[in-house]
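Scroll down for the structure; my scribbles are underneath it.
Just so you know, ligand 1 is whichever comes first in the structure, and atom 1 is the first atom listed for that ligand.
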Amino acid sequence: MADVAIIGGGIAGLWTALELLRAGASVTVFDGRRLGEGASTAAGGMLAPGAEGDGLAPAVQAFAIASRKAWTHAAADIENASGIDIGYADCGSLIIARDDAEAAALKAQCAQRFGAWLDSSALASTYPQLRHGLAGGAFVAGDACVDNRALIEALSAAVTQAGGTCAFGLGDVGVRVGGNRVLGVRAGGRNLDFPRVLLATGAWTSHVSIEGGSATDLPPVMPVKGQMGMIRVAALPMRELVWLGHTYLIPRRAGQLVLGATSEDAGFDPCISEGAVEKLADDARWLVPSLAGLPVVERWCGFRPATPDGLPVLGQTRVDGLYVASGQYRNGILFGPLVARTMAACISGKASAIDISAFDPKRFGPRHEH
Ligand code: GLY
């Protein structure tokens with residue numbers, strides 16, 4: 001198979017590179033930044049179609065469930081390929097109902113979210129570390145989590161070991177087009193020819209420089225900013241992902257309790273607001289009294305890639321040979337293995353394991369520049 005260039009060294013880009021390398025392609029992954037400076041590192045690492053599946057369009061929910069299934073094998077595969085422990089855990093999710101109104105709504109949604117209902121006393125006896133007097137909770141056994149920072153390191157190592165090239169930290173990286181066909185990339189001030197180019201560029205997808213073509217050929221992808229924080233604990237209070245309204249707690253190895261996340265229409269503003277992260281920490285301390293007095297020791301933010309219709313963009317663009325894997329929104333880590341599998345098939349001209357026609361980048365039509 002001819003050479004493939006992938007722009008974007010996050011989970012979608014690296015994992016697709018690995019699938020293509022295994023199918024016999026020669027692949028170079030380019031990134032203007034260094035490894036781990038995008039959303040893949042900023043994320044929390046939830047693999048939670050149960051807790052996060054509410055409100056997803058049916059095609060996205062089906063993709064989420066299929067990708068969650070793929071994770072079971074994929075986690076062991078990436079660890080074997082890289083020799084790096086990625087902290088995958090079948091931990092389940094616990095969604096908390098604070099009052100009777102939340103309890104009634106959550107109980108009604110339990111089947112749809114694959115959850116088992118725990119009433120107030122069952123919740124208190126199963127989870128004595130939580131504050132007393134909660135109205136109930138739903139336990140979703142199928143949800144899981146992964147240490148996404150370790151995952152990025154592992155995918156990068158696996159790509160290199162499979163014979164791929166990672167060209168990171170190059171400053172501006174763009175795509176070159178001529179006569180409605182992709183010609184290659186421009187990276188580190190040089191033009192390099194590639195017959196196929198994949199943009200796995202997350203929230204920056206609409207902003208990739210496209211020499212000889214038009215930005216209107218790229219699908220509309222907007223950033224939704226998420227601020228997060230981390231509390232260090234001597235012992236993690238629970239193994240489950242826990243949801244309290246829009247706040248969530250993710251237990252990570254080495255006593256790290258990750259707290260997420262804001263959801264802001266703020267463009268690419270990188271500022272961290274101490275108040276926003278402290279609100280997440282206050283929610284966590286309210287729910288788990290033993291966290292009282294423990295400070296937030298790390299704060300960061302990332303940019304989710306969102307689309308106008310809430311569906312990912314997976315497939316070939318209007319430009320022949322130019323592909324996109326973006327628009328994963330809140331589910332970039334969860335979608336990792338299935339995005340890789342479906343995009344590798346698409347780029348190789350093979351049938352996809354799952355129908356991704358609803359995610360066709362061309363569904364938006366050419367955009368008009370303002
Ligand atoms: N998947 C969690 C988030 O986007 O905040």
Side-chain angles (χ1 to χ4, degrees), residues 10-12 15 36 38-57 60-61 63-65 67-68 71 86-89 91-96 113-114 140 142-152 202-205 221-231 240-252 256-270 272-273 276-277 279-281 283-284 287 296 298-307 310-313 325-339:
I11 280 169
W15 213 325
S40 298
T41 296
M46 282 182 289
L47 312 173
E52 287 215 278
D54 193 34
L56 292 180
V60 187
Q61 194 167 49
F63 195 84
I65 292 165
S67 202
R68 170 66 192 94
W71 256 103
I86 60 170
Y88 171 84
C91 54
S93 286
L94 182 65
I95 310 167
I96 301 293
R113 288 182 173 222
F114 321 107
V140 186
D143 286 353
C145 67
V146 66
D147 180 342
N148 45 297
R149 296 182 180 182
L151 174 63
I152 276 286
W204 288 267
T205 297
V221 179
M222 297 82 67
V224 176
K225 178 176 170 181
Q227 299 189 50
M228 303 183 70
M230 193 261 284
I231 290 179
E240 294 83 357
L241 307 168
V242 181
W243 286 80
L244 181 75
H246 294 295
T247 300
Y248 52 78
L249 287 62
I250 303 172
R252 236 186 228 163
Q256 298 178 29
L257 189 64
V258 173
L259 311 172
T262 65
S263 198
E264 304 164 60
D265 179 9
F268 289 105
D269 171 17
I272 314 290
S273 139
V277 180
K279 155 81 174 69
L280 303 172
D283 284 348
L287 183 64
V296 175
E298 189 185 339
R299 299 175 181 80
W300 66 94
C301 77
F303 300 98
R304 305 174 183 92
T307 57
L311 273 59
V313 273
S326 182
Q328 298 94 330
Y329 189 38
R330 299 180 72 96
N331 290 303
I333 313 297
L334 169 63
F335 289 175
L338 204 54
V339 163

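Here the heavy atom of the protein found nearest to atom 4 (O) of ligand 1 is R304 NE, 2.7 Å. Scanning all protein heavy atoms for the shortest distance to atom 3 (C) of ligand 1 gives Y248 OH, 3.2 Å.
Residue-level proximity to ligand 1 for Y329 is absent, since no heavy atom of it falls below 4.0 angstrom.
Comment: R149 engages E298 in a salt bridge, judged by a side-chain N to carboxylate O separation of less than 4.0 angstrom.
Listed by atom number, the atoms of ligand 1 under 4.0 Å from E52 heavy atoms are 1 (N), 2 (C). The contact set between ligand 1 and A261, taken as ligand atoms under 4.0 Å from a residue heavy atom, comprises 5 (O). Which parts of ligand 1 touch M46 is read off a 4.0 Å heavy-atom cut-off, strictly below it: atoms 1 (N), 2 (C).
Two residues are said to be in side-chain contact when any heavy atoms from C-beta on lie closer than 4.5 Å; W300 and V277 fail this criterion. In this structure, Y329 and V224 have side chains that are in contact, with non-hydrogen atoms separated by less than 4.5 Å. The shortest side-chain heavy-atom distance between V60 and P312 falls under the 4.5 Å cut-off.
Taking the six-membered ring for Trp and thresholds of 30 and 60 degrees, W15 and W71 have ring planes more than 60 degrees apart, a perpendicular arrangement.
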